[in-house]
Amino acid sequence: MPKAVGIDLGTTNSCVAAVIAGDPTVIHNAEGGRVTPSIVHFSKTGEVLVGEPAKRQAILSPDRTVRSVKRLMGQRTTAITVDGRDYTPEQISARILEKLARDAATYLGEPVKQAVITVPAYFDDAQRTATKHAGEIAGLEVLRIINEPTAAALAYGHKQQKMEGTILVYDLGGGTFDVTIMDVEIDKAKTEERDYYEVRSTAGDTHLGGDDIDQALIDFLADQFQKEHGVDLRQDRQALQRLKEAAEKAKIELSSALQTNINLPFLYVPEGGSPLHLEMTLTRAQLEELARPIVERTRPIVLRAMEDAKVGPGDISEVILVGGQTRMPMVQQLVRELTGKEPRRDINPDEVVAVGAAIQAAVLTQEMKDMVLLDVTPLSLGVETLGDVMDVLIPRNTTIPTRVSRIYTTASDYQPSVEIHVLQGERPRASQNRSLGRFQLTGIPPAPRGMPRIEVTFDIDANGILNVTAEDKGTGKKQDITITGSSSLSPDEVQRMVQEAEAHRQEDERFRRLAQARNEADALAYQLEKTINDLRDKLSESERQSLEAKVKELREASQGDDEQAIRRKIDEVNQAFSEVSRRLYEAASAGVGSQAAEGTTGQPGPGYAGGRGPGPAAGPGGDVIDAEFEAEDEK
Ligand code: ADP
Ligand code: MG
């Protein structure tokens, strides 16, 4: 059965893992990294780069590079424009997911079609739905959307033999903050019992993370620079990009060092003036002063989660830190202060979420023993009622899946339809909450106000995704619901994007194969030119000319975009060379003398054999030489 993987689709970094022979394993990407930067670059040639290669392009062409797209998930109206083309956040995220799935397939040696994808626990319905759509656009069957802190807890629990208690997961990444408190009961000795995880509360902020600390530092540096030179670096995209990277690097260094140097030579060249450099020393204390207001924003959120779970510091048995930003000593200090506990140090904050997702994937595909996992909905769900009031159907921290129905009625006589405005959030006033969509229930038979009985049902599935239905109890008929102004893509839109992506995957695959062929052709042409030159005095004039012509044709073919034509040329060239080389070997073994024979061994062979095509192995004495070539190839 093909593998289902677990994917941590992060704001800054993403990570993919799978359970291999019972072991949750982090999969390294094509570049050899265990995490993949969540960055997508659209190159001028139409190639789309993802991850490390995209990150490398960020400085040179920031306007073609999309980062932190997760911050935009669930914002329907936000288009990301690159090169005059609009992309939805779902489409950009799908590019990242595609790469992770592709790299995982290469690693596992089998196709990857199913995935569990994680989201911040505090993601609302629109953000979850958008993530699910991104997975579908990437050609994946999304087995489940699970919360990042919950995944972290699963990964932690997997390693425990026995534990019973309450754990707190504090997850501060690049763009989001989550805190989750859960009860865990594990006893591996009792094989008939399932591991038990029950989330008691969750809270967070989907727009709070390390990026904000970077921004504070960037502003600080740019302000300094402006004071000194009267130039605002924020107005210059390239300078700003360099500043950004330097700020993040300094921030990371200050997690272990007490001071660091920021050095950005030639950061700005004023018209007609001499280049300006940025050079300064930053101390951990300075960074902490800038970061404090941001880190402090997590305090009331943790306190609220503790209050919702009805736990005090003494009730927490383990604290797990997730997210790169938790490596900052000041963050750890705050967590210690709030929980009265020393956080676990044996957990890799960059990988633990993907590992947990992989475990959940293995459970769902019955590769691993089932467990009891009870998660909650992070935010209250309800409908708008008369007077801008939010009527809550499902309060926050309700265990999911869940289903709640409530009867509503009309506000005026003979009202033929009602609008059901679905909301998510904690504010009593409807207009201050997030609008998930509006549903029109039409065709209500004429009746005095207050008479019709309309049953609205909210259904939250195991993904934390809401489905709403409405039924006119008077007619007994389930009415059609039309949705307008929704914050998610419609099924039609998703379908269209799935098809587009399928087409570009084929196109990308074609492009990759073409690039591969070009690469081989260029390397071969280069080698052969060298060989022709090396063999100058052994080749006849006509041989040389004909070989040169072949190499020229090869070079020309590699400029074109017909992969098959390039492959044909590669074969032709190899053929032509092997004929010439056969003649050279025959001449050599026909007793031209030992000197010449030595010369041939050393020269024509390694010069162009290069591991491809029908090499001179066909020639006499091929055995020994062949062995040499192979050794050469290994390097
Ligand atoms: P996400 O889950 O949002 O993708 P990550 O968990 O990868 O994020 O965390 C990325 C954030 O962590 C970035 O803001 C990065 O600068 C920060 N970070 C990574 N390593 C460190 C470190 N050693 N010290 C402080 N911050 C760090
Ligand atoms: Mg993360």
Side-chain angles (χ1 to χ4, degrees), residues 6-17 26 29 33-40 50-52 55 58 66-73 93 96-97 100 117-123 127 131 146-153 155 169-180 204-218 243-258 260 282 284 287-288 290-292 294-295 298 320-335 343 345 347-357:
I7 298 178
D8 170 8
L9 179 63
T11 312
T12 322
N13 293 301
S14 296
C15 183
V16 54
V26 172
N29 60 28
R34 292 170 71 87
V35 295
T36 300
S38 306
I39 303 179
V40 180
V50 180
E52 210 48 65
K55 190 174 184 176
V66 187
R67 42 167 85 222
S68 296
V69 69
K70 188 169 171 179
R71 286 187 168 225
L72 305 177
M73 290 293 262
S93 295
I96 300 167
L97 293 170
L100 296 170
I117 305 176
T118 62
V119 294
Y122 213 60
F123 253 21
Q127 292 167 306
T131 305
I146 66 167
N147 293 331
E148 287 162 11
T150 307
V169 183
Y170 178 104
D171 179 351
L172 188 61
T176 57
F177 171 64
D178 268 338
V179 54
T180 290
D205 185 334
T206 53
H207 289 90
L208 172 61
D211 286 358
D212 299 304
I213 298 177
D214 297 353
Q215 192 54 50
L217 184 51
I218 291 165
L243 195 59
K244 237 183 201 151
E245 304 210 341
E248 190 190 4
K249 187 161 160 274
K251 175 190 76 176
I252 290 173
E253 271 168 21
L254 290 174
S255 286
S256 46
L258 287 171
T260 185
L282 191 75
R284 184 185 287 177
L287 174 69
E288 288 184 344
L290 293 168
R292 180 155 286 115
I294 297 156
V295 174
T298 69
I320 299 176
L321 296 180
V322 183
Q325 194 57 53
T326 60
R327 293 207 177 89
M328 186 182 206
M330 189 172 72
V331 172
Q332 297 176 359
Q333 185 48 41
L334 179 73
V335 178
R345 299 216 158 261
I347 287 160
N348 183 330
D350 301 319
E351 301 176 353
V352 64
V353 171
V355 166

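Numbering of ligands and ligand atoms starts at 1, following listing order.
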> With side chains defined as the heavy atoms from C-beta onward, is the minimum distance between Thr36 and Val16 less than 4.5 Å?
Replying inline: no
>> Between Glu248 and Arg67, does any side-chain N to carboxylate O distance fall below 4.0 Å?
In response: no
> Listing by chain and number, which residues have a heavy atom under 4.0 Å from ligand 1?
Replying inline: Gly10, Thr11, Thr12, Asn13, Gly173, Gly174, Gly175, Gly210, Asp211, Glu248, Lys251, Ile252, Ser255, Gly323, Gly324, Gln325, Arg327
> Who passes salt bridge (Lys or Arg N to Asp or Glu O under 4.0 Å) against Glu52, sequence neighbours left out?
Replying inline: none
> Of Asp171, Thr176, Thr206, which meets side chain to side chain contact (heavy atoms under 4.5 Å, CB included) against Tyr122?
Replying inline: Thr206
> Quick one: ring pair (Phe, Tyr, Trp, His ring centres under 6.0 Å) partners of Tyr170, sequence neighbours excluded?
Replying inline: Phe177
>> Strictly by salt bridge (charged side-chain N to carboxylate O under 4.0 Å, His left out), give each pair with a member in residues 347-357 just once, sequence neighbours left out.
In response: Arg34-Glu351, Arg327-Asp350
